[in-house]
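Below: one structure, written as structure tokens.
The sequence lines fix the lettering, A, B, ..., with proteins before strands; numbering per chain opens at 1. In this text, all values refer to a predicted model and were calculated from it rather than measured experimentally.
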Number of protein chains: 2
Amino acid sequence: MATGRTHRPATRSRGIPEATVARLPLYLRALTALSERSVPTVSSEELAAAAGVNSAKLRKDFSYLGSYGTRGVGYDVEYLVYQISRELGLTQDWPVVIVGIGNLGAALAGYGGFASRGFRVAALIDADPAMTGKPVAGIPVQHSDDLEKIIEEDGVSIGVIATPAGVAQQVCDRLVAAGVTSILNFAPTVLSVPDGVDVRKVDLSIELQILAFHEQRKAGEESNAEADAAVDEETATAVAPPAPRGATGGSRKGPDGDVPAVMPA
Amino acid sequence: MATGRTHRPATRSRGIPEATVARLPLYLRALTALSERSVPTVSSEELAAAAGVNSAKLRKDFSYLGSYGTRGVGYDVEYLVYQISRELGLTQDWPVVIVGIGNLGAALAGYGGFASRGFRVAALIDADPAMTGKPVAGIPVQHSDDLEKIIEEDGVSIGVIATPAGVAQQVCDRLVAAGVTSILNFAPTVLSVPDGVDVRKVDLSIELQILAFHEQRKAGEESNAEADAAVDEETATAVAPPAPRGATGGSRKGPDGDVPAVMPA
DNA sequence: AAGTGTGAACTAGTTCACAGCT
DNA sequence: AGCTGTGAACTAGTTCACACTT
């Protein structure tokens with residue numbers, strides 16, 4: 001590769017895969033730790049272990065950024081920290097607003113990982129007038145009436161939504177109208193945004209539900225039959241298995257013949 | 001497989017793709033909202049819109065669970081709620097412990113989405129003796145000395161780690177040793193666990209960094225040169241670009257000959 | 001000898017498009 | 001007529017394995 005110039009380098013020049021982008025912060029964290037311990041170089045194997053991925057994946061990821069390693073040696077820690085920081089846009093600092101200063105919003109405001117590495121809490125915003133002026137994590141809360149003004153004045157492009165689900169969409173709309181183009185959503189709701197605006201969501205209950213799915217599977221693996229039966233009885237009243245509307249016996253079934261045990265027929 | 005018994009149905013029977021599992025909670029939430037509004041049926045198109053995915057994906061996802069829809073009509077809301085709940089293991093209730101009752105842990109303890117749908121906060125645990133006995137969100141905090149006892153007595157299999165990064169791994173080890181097999185990690189660190197234990201992580205700063213990456217890209221798209229230049233000057237001193245160890249000019253470059261536009265050279 | 005960088009093979013996930021049921 | 005369920009085509013992501021560099 002290194003030799004094949006003449007450009008038109010595949011599709012769209014700087015096409016770093018999304019999955020790779022999502023891992024860069026992980027590498028960066030591991031590298032920063034090494035940097036603090038004054039470790040000069042790492043191999044892909046060592047760094048991968050520290051980041052919790054496998055080394056082939058890590059090398060492939062880095063290959064999208066360029067050739068930043070030295071064969072036979074490894075990667076220069078400081079140099080890589082810089083390159084990844086730059087790639088992620090962390091060499092500039094990003095003012096961030098947090099909207100919704102309840103328990104969660106307050107916890108986020110106080111979170112250390114925020115201040116570090118390129119992010120700065122520009123403002124805390126809440127709709128409750130009783131909160132206005134109250135300092136949270138050393139920053140006075142501002143009223144949401146001023147949301148637009150704050151965003152425009154500070155040139156904020158990243159917003160964090162930590163409001164109740166019911167108002168998240170309207171908050172989002174206002175943020176976007178005021179110029180925010182990236183949103184981190186902690187409210188348990190789907191946000192719709194125009195093209196060009198990025199939304200990422202963090203959702204406790206979704207994560208728990210995914211864990212529960214796998215947990216259930218583990219439980220079922222050993223003592224197959226009776227575990228389910230016991231569970232079913234316990235919750236049978238709480239969660240009634242509603243019959244399908246139309247046909248009752250029909251062809252309605254899971255891929256492995258579900259329902260039977262629960263169905264009162 | 002109501003009909004085709006004799007098992008060994010393809011690879012490992014109930015092979016629901018991980019990506020599908022991750023979306024089931026989304027569908028469930030949308031369905032629950034419909035259910036509360038007493039909507040009897042939905043089409044894949046409508047439900048997909050509510051869940052923020054496209055309808056082909058939704059139908060494919062549901063096809064892994066079984067044939068729960070009715071052609072020409074759609075899906076019965078109540079029935080689907082039940083089926084997905086069951087699939088996710090939410091028809092039983094899962095006791096959960098939260099370890100680390102700082103700002104975040106307290107916020108999680110008070111989070112409504114917890115109590116709903118199958119999860120119950122069995123205990124709050126903190127290492128600080130000053131916290132012991134103090135009620136948080138109505139639940140008295142217990143000391144971490146009792147961690148093993150609590151987990152065993154309540155049969156807890158899901159643990160939430162909201163401690164500082166420095167102690168997260170040891171907390172994790174103790175949870176696992178005591179019988180926890182699913183962990184939701186809010187500490188910004190990589191946890192290593194034995195086979196059979198699931199870990200999911202929620203990491204604010206990773207999410208922000210991913211947003212920053214895309215944000216940076218957006219900025220570069222319009223007015224390419226000067227926007228970056230301004231930024232570089234501002235932060236040039238703060239983040240020095242360290243030279244690579246060995247060769248200085250060499251072949252070191254991004255896949256499409258990076259730097260040019262931004263570099264003052 | 002050590003360890004990167006990367007084509008090639010593979011696996012997972014998404015989207016298409018339409019047959020088939022109600 | 002309407003909408004699901006799903007093979008088939010496609011796209012993204014991962015892993016392998018080894019040529020190449022230091």
Residue-phosphate contact under 4.0 Å: B/R59 side-chain N/O, C/dC18 OP1/OP2: no
Heavy-atom donor-acceptor pair, B/R71 side-chain to D/dT4 base, under 3.5 Å: yes
Nucleotide of C/dT14, D/dT15, D/dG5 approaching B/Y75 most closely (side-chain heavy atoms): D/dG5
Atom-pair distance (OH on A/Y64; P on C/dT4), nearest Å: 17 Å
Spacing of A/Y79 atom OH relative to C/dT4 atom P, expressed in whole Å: 16 Å
Contact nearer the 5' end of DNA chain D, comparing A/G72 with B/V42: B/V42
Whole-Å distance separating the NZ atom of B/K57 from the P atom of D/dC10: 19 Å
Donor-acceptor contact below 3.5 Å, side chain B/Q216 vs main chain A/E87: yes
Residue-phosphate contact under 4.0 Å: B/S44 side-chain N/O, D/dT4 OP1/OP2: yes
Phosphate contact (C/dT14 OP1 or OP2) by B/N54 side-chain N/O below 4.0 Å: no
A/E45 CD to D/dA17 C1', straight-line distance once rounded to whole Å: 14 Å
Minimum-distance nucleotide to B/K60 side chain [options: D/dT15, D/dA8, C/dC16]: D/dA8
Interatomic distance where CG belongs to B/D76 and C1' belongs to C/dT22 [whole Å]: 15 Å
Sugar-phosphate, base or nothing in reach of A/F62, heavy atoms under 4.0 Å: nothing
Euclidean distance, atom CD of residue A/Q83 to atom C1' of C/dG5 [Å, nearest integer]: 16 Å
Protein-nucleotide distance (B/L65, atom CG; D/dT6, atom C1'), rounded to Å: 14 Å
Interatomic distance where CG belongs to B/L58 and P belongs to D/dT6 [whole Å]: 14 Å
Given D/dG13, C/dT14, C/dG5, the nucleotide with the shortest approach to the side chain of B/R23: C/dT14
Exam field: side chain A/S35 to backbone A/L31, donor-acceptor pair closer than 3.5 Å: no
Candidate nucleotides C/dT22, D/dG13, D/dT6, ranked by approach to the side chain of B/S63 - the nearest: D/dT6
Between A/S205 and A/D203, a side-chain donor and acceptor under 3.5 Å: yes
CD/B/Q169: more than 12 non-hydrogen atoms of other groups inside 6.0 Å: yes
Lys/Arg N to Asp/Glu carboxylate O, B/D198 vs A/R217, below 4.0 Å: no
